S.K.: 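Okay, here's the structure, questions in a sec.
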Amino acid sequence: MTVELEHDPHVLDLADRTARFVREHVLPVEDAAGGDIDAAGGDELRRQLQSVARDAGLLSPHAPTAYGGLGLGMVDRAPVFEAAGHALFGPLAINVAAPDEGNVHLLAHIATEEQRERFLRPVAAGDVRSAFAMTEPAPGAGSDPSALRTRATRVPGGWRLDGHKWFITGADGAGFLIVMARTSGEPGDAGGATMFLVPGTTPGLEVGRHIRTLDRSMVGGHCEVRLDGVLVPDEDVLGEVDRGFANAQVRLGPARMTHVMRWLGAAGRAHEVALRHVAERSLFGSRLADLGMAQQLVADNEIDLAATRALLLRACWELDRGERASASTSIAKTFAAEAIGRVVDRAMQLCGGLGVSDDLPIARISREVRPFRVYDGASEVHRWSIARRAVSRARG
Ligand SMILES: Cc1cc2nc3c(=O)[nH]c(=O)nc-3n(C[C@H](O)[C@H](O)[C@H](O)COP(=O)(O)OP(=O)(O)OC[C@H]3O[C@@H](n4cnc5c(N)ncnc54)[C@H](O)[C@@H]3O)c2cc1C
């Protein structure tokens, strides 16, 4: 088995151009707004930045070329998304932010030709945003998707959706939502879910409260969404009826890895800021960079960043080969979410008072990366499945 760890020159060139674009066009806006996307202009800013990215040939590197993208596979996405992630608004600027990026991936793989034209093309072009609506308030779906309660009932020509979702990123202003609803069985059953494509203007769909969370960089909020008699025609069923959980796997593994790529970029920025600080700061007659305990923090950051990249690339390589990569994406996601948090925390510590201030970007990066230990599968859920897999392997 050969695992190729070198990227093609055209991918490295794209990553370099993305890094330059982020430095010149995105970081100044983000710094001025303290990383708060609403303060920076929300959707209007997204359109402006995406217009510059489009002109520079950097928009939607993950989308299929037939839909206006650059057609990168998972391994090739890694350096480009990391370069974009250097700025918190960078992924949005090149149209690879969650949840649109994962939705593009899902639609490219399981949508019909007609659905791709109506839903994939506009989101890949940056003309609309989208959302993915799975999570529900207790006792509904969260870490355990089988608790799904949103109900889809058969009506002539389609389905009627009723339910309550929350924490739905980007729902406010989304052109459409991909809604997971139960078409058969009862909450607690492992199957019986179906995905539906629901335009944001559909009667009965109500986007409510933005749930205030630690992070501030995602456009369209993390919203409560109510579905009250929402009618969805048969042609807007995404994938097969009752195969929703299985089909969602097409999105889940890759979306976890692209989150790792983006947050790796943010952690890398925090680390670079700390490196510049320790190289310049003198105290107790030494440079901070020459004091042993500071060196340990710096070295541990280097180790966490390198290990995260290695696990990420391994999982992406499996995904590019068409494997499900359930084990490797679980391991990479769990390690990365925690390692990225450690890197940002050490960077903060190395910068002293400045580290927790708004004069440096580290404090806001810290707010952004913490929720990653919860979404895309909480660390405990992944450890649970990693352990079960290991034990069943040992039992043969
Ligand atoms: C910023 C943000 C954005 C989000 N965006 C979206 C979105 O766009 N669409 C969407 O559908 N959802 C979204 N979510 C929701 C997210 O997917 C859920 O929060 C996550 O799946 C956890 O579900 P829960 O909140 O119901 O927590 P619960 O399922 O109640 O879990 C709570 C805690 O229990 C522990 N736990 C869970 N399982 C186990 C286990 N097997 N063993 C031991 N401990 C366990 C974990 O520590 C977990 O954090 C978002 C969440 C956040 C914070």
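This structure is a prediction, so every number in the text was calculated from the model and none was measured.
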S.K.: Calculate, to the nearest 0.5 Å, the distance between atoms CD and NE2 belonging to E30 and H25 respectively.
M.R.: 15.0 Å
S.K.: For the backbone of L59 and the side chain of Q50, can you confirm whether one donor and one acceptor N or O come within less than 3.5 Å of each other?
M.R.: no
S.K.: On a heavy-atom basis, which atom in A84 and which in I94 lie closest, and how many Å separate them?
M.R.: CB-CD1, 3.7 Å
S.K.: Could you tell me which non-hydrogen atom of T308 sits nearest to which non-hydrogen atom of A336, and how far apart they are?
M.R.: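 Taking every non-hydrogen atom into account, CG2-CB, 3.6 Å.
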S.K.: Does K165 count as lying over the ring of F132, i.e. NZ or CZ under 6.0 Å from the six-ring centre, within 45 degrees of the axis?
M.R.: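 The answer is no, since K165 fails at least one limit relative to F132.
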S.K.: Does the distance from a Lys or Arg side-chain N to an Asp or Glu carboxylate O, for R151 and E186, drop under 4.0 Å?
M.R.: yes
S.K.: Is any side-chain N of the basic residue among R256 and E101 closer than 4.0 Å to the acidic one's carboxylate O?
M.R.: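 No, this pair does not count.
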S.K.: Just wondering, do T258 and M74 contact through their side chains at under 4.5 Å, heavy atoms?
M.R.: yes
S.K.: For L106 and I110, run side-chain contact (heavy atoms from CB on, under 4.5 Å): C-alpha distance rounded to whole Å, both residues' side-chain angles, the deciding distance at 0.1 Å, then the answer.
M.R.: CA-CA 6 Å; L106 179 65; I110 67 164; 3.7 Å; yes
S.K.: Is there a path of hydrophobic side-chain contacts, each under 4.5 Å between heavy atoms of I/L/V/M/F/W/Y residues, joining M261 to V22?
M.R.: yes
S.K.: More than 12 foreign heavy atoms under 6.0 Å from CZ of R324: is that the case here?
M.R.: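 Incorrect, the count does not exceed 12.
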S.K.: Hey, does the side chain of D242 reach the backbone of T194 with a donor-acceptor pair shorter than 3.5 angstrom?
M.R.: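 Between the backbone of T194 and the side chain of D242 there is no qualifying donor-acceptor contact (under 3.5 Å).
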S.K.: Tell me whether D13 is salt-bridged to R17, with the criterion being a basic N under 4.0 Å from an acidic carboxylate O.
M.R.: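 Between R17 and D13 there is a salt bridge, with a charged N closer than 4.0 Å to a carboxylate O.
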S.K.: Of all the heavy-atom pairs spanning P79 and V11, show the shortest one and how long it is.
M.R.: CG-CG1, 3.8 Å
S.K.: Does this structure show an ion pair linking E280 with R276, if we count only N-O contacts that are shorter than 4.0 Å?
M.R.: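 Answer for the salt bridge query: no.
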S.K.: What is the minimum heavy-atom distance between A181 and A152, and which atoms define it?
M.R.: CB-CB, 4.0 Å
S.K.: Measure the spacing between CG of N301 and CG of L275 and express it to the nearest 0.5 Å.
M.R.: 8.0 Å
S.K.: Assess whether salt bridge (charged side-chain N to carboxylate O under 4.0 Å, His left out) is satisfied between R129 and D43, documenting all intermediate values.
M.R.: CA-CA 9 Å; R129 288 189 295 99; D43 242 341; 3.1 Å; yes
S.K.: Would you call R269 and D31 a salt bridge, taking side-chain N to carboxylate O under 4.0 Å as the test?
M.R.: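 Here R269 pairs with D31 in a salt bridge, since their nearest N and O are under 4.0 Å apart.
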S.K.: Could you give the distance from CZ (R243) to CG (N247), rounded to the nearest 0.5 Å?
M.R.: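 The CG atom of N247 is 5.5 Å from CZ of R243, to the nearest 0.5 Å.
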S.K.: With hydrophobic residues grouped by side-chain heavy-atom distances under 4.5 Å, do L350 and M293 end up in a single group?
M.R.: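 Hydrophobic grouping puts L350 apart from M293.
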S.K.: Do R118 and D236 meet the salt-bridge criterion of a basic N to acidic O distance under 4.0 Å?
M.R.: yes
S.K.: For the pair R182 (side chain) and G191 (backbone), establish whether a donor and an acceptor sit closer than 3.5 Å, ignoring hydrogens and angles.
M.R.: yes
S.K.: Could you tell me if the side chain of F196 sits less than 4.5 Å from the side chain of I178, heavy atoms only?
M.R.: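 They are not in side-chain contact.
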S.K.: Is it true that atom CD of Q296 has more than 12 heavy atoms of other residues, nucleotides or ligands lying nearer than 6.0 Å?
M.R.: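 Open: at most 12 neighbouring heavy atoms sit under 6.0 Å from CD of Q296.
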S.K.: Just by distance, do the side chain of T183 and the backbone of G192 share a donor-acceptor pair under 3.5 Å?
M.R.: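 Present.
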S.K.: Applying salt bridge (charged side-chain N to carboxylate O under 4.0 Å, His left out), name anything that partners D234, two or more places apart in sequence or on another chain.
M.R.: R154
S.K.: According to the interplanar angle, ranging from 0 to 90°, do the rings of F176 and F119 count as parallel (below 30°), tilted (30 to 60°) or perpendicular (above 60°)?
M.R.: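 Perpendicular, since the angle between the ring planes exceeds 60°.
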S.K.: Would the number of heavy atoms belonging to other residues, nucleotides or ligands and lying under 6.0 Å from CD of Q349 be above 12?
M.R.: no
S.K.: Do R383 and T334 come within less than 4.5 Å of each other through their side chains, counting heavy atoms only?
M.R.: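 In short, these two side chains touch, coming nearer than 4.5 Å.
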S.K.: Between F167 and E224, is a side-chain contact (heavy atoms from CB on, under 4.5 Å) present by the stated rule, with each step listed?
M.R.: CA-CA 6 Å; F167 287 101; E224 288 207 50; over 6 Å; no
S.K.: Given the rule that I, L, V, M, F, W and Y join up when any side-chain heavy atoms are under 4.5 Å apart, are V250 and V104 in one cluster?
M.R.: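 Yes, V250 connects to V104 through the hydrophobic network.
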S.K.: Test H7 against L313 for side-chain contact (heavy atoms from CB on, under 4.5 Å), laying out the working first.
M.R.: CA-CA 11 Å; H7 290 284; L313 284 180; 4.3 Å; yes
S.K.: Regarding E318 and R321, does a basic nitrogen lie under 4.0 Å from an acidic carboxylate oxygen?
M.R.: no
S.K.: Check for a donor-acceptor pair, side chain of D162 on one end and backbone N or O of G229 on the other, with a separation under 3.5 Å.
M.R.: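 Answer holds: yes.
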S.K.: Between atom CG of L264 and atom NE2 of H86, what is the distance when rounded to the nearest 0.5 Å?
M.R.: 11.5 Å
S.K.: Would you say that I340 contacts V343 through its side chain, given a criterion of any heavy-atom pair below 4.5 Å between the two side chains?
M.R.: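 They are not in side-chain contact.
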S.K.: Taking side chain as C-beta onward, heavy atoms only, is L14 less than 4.5 Å from L72?
M.R.: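 Touching, per the 4.5 Å side-chain cut-off.
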S.K.: L88 and A266: which non-hydrogen atoms are nearest, and at how many Å?
M.R.: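 The pair with the smallest heavy-atom distance is CD2-CB, 4.3 Å.
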S.K.: Any luck finding a side-chain donor-acceptor pair between D215 and S217 under 3.5 Å?
M.R.: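 No, S217 and D215 have no side-chain donor paired with an acceptor closer than 3.5 Å.
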S.K.: Does the plane of the ring in H62 sit parallel, tilted or perpendicular to the ring in F81? Use 30° and 60° as the thresholds.
M.R.: perpendicular
S.K.: Within the structure provided, determine whether L177 and S130 are in side-chain contact (heavy-atom separation under 4.5 Å).
M.R.: no
S.K.: Check whether any side-chain heavy atom of L45 lies under 4.5 Å from a side-chain heavy atom of F89, and answer yes or no.
M.R.: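 In short, these two side chains touch, coming nearer than 4.5 Å.
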S.K.: Give a yes or no on whether a salt bridge exists between D304 and R346, defined as a side-chain N under 4.0 angstrom from a carboxylate O.
M.R.: yes
S.K.: Going by heavy atoms in the side chains, are I365 and E368 under 4.5 Å from each other?
M.R.: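 Of all side-chain heavy-atom pairs linking E368 with I365, none is under 4.5 Å.
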S.K.: Under the 3.5 angstrom rule, does the side chain of S60 hit a backbone N or O of A124 as a donor-acceptor pair?
M.R.: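 Side chain of S60 to backbone of A124: a pair is present.
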S.K.: side-chain contact (heavy atoms from CB on, under 4.5 Å) for C316 and R77? Distances and angles first, verdict last.
M.R.: CA-CA 9 Å; C316 288; R77 284 174 207 183; over 6 Å; no
S.K.: With no hydrogens and no angle check, is any side-chain donor or acceptor of S51 less than 3.5 Å from a backbone partner on R47?
M.R.: no
S.K.: Within a 6.0 Å radius of atom CZ on R388, are there more than 12 heavy atoms belonging to other residues, nucleotides or ligands?
M.R.: yes
S.K.: Do I331 and L305 sit in the same hydrophobic cluster, where Ile, Leu, Val, Met, Phe, Trp and Tyr count as joined when their side-chain heavy atoms come under 4.5 Å apart?
M.R.: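 No, because I331 and L305 fall into different hydrophobic clusters, even though each may have its own neighbours under 4.5 Å.
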S.K.: Can a salt bridge be assigned to the pair E136 and R149 using a cut-off of 4.0 Å between side-chain N and carboxylate O?
M.R.: no
S.K.: Distance check, rounded to the nearest 0.5 Å: L197 atom CG versus N103 atom CG?
M.R.: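 Going from CG on L197 over to CG on N103, the span is 9.0 Å.
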S.K.: Measure from the side-chain N and O atoms of Q115 to the backbone N and O of T112, and report whether any donor-acceptor pair falls under 3.5 Å.
M.R.: yes
S.K.: Quick check for you: to the nearest 0.5 Å, what is the distance between E82 atom CD and W263 atom CH2?
M.R.: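 Rounded to the nearest 0.5 Å, the CD-CH2 separation comes to 13.5 Å.
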S.K.: Can you see whether F335 has R342 sitting over its ring - NZ or CZ less than 6.0 Å from the centre and within 45° of the normal?
M.R.: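 R342 over F335 ring: yes.
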S.K.: Please confirm whether the backbone N or O of A66 pairs with a side-chain atom of R121, one donor and one acceptor, at under 3.5 Å?
M.R.: yes
S.K.: Testing the basics here: between A255 and R262, what is the closest heavy-atom pair and its distance to 0.1 Å?
M.R.: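 Looking at all heavy atoms of both residues, the closest pair is O-NH2, 4.3 Å.
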S.K.: Between H382 (side chain only) and D376 (backbone N and O only), is there a donor and an acceptor less than 3.5 Å apart?
M.R.: yes
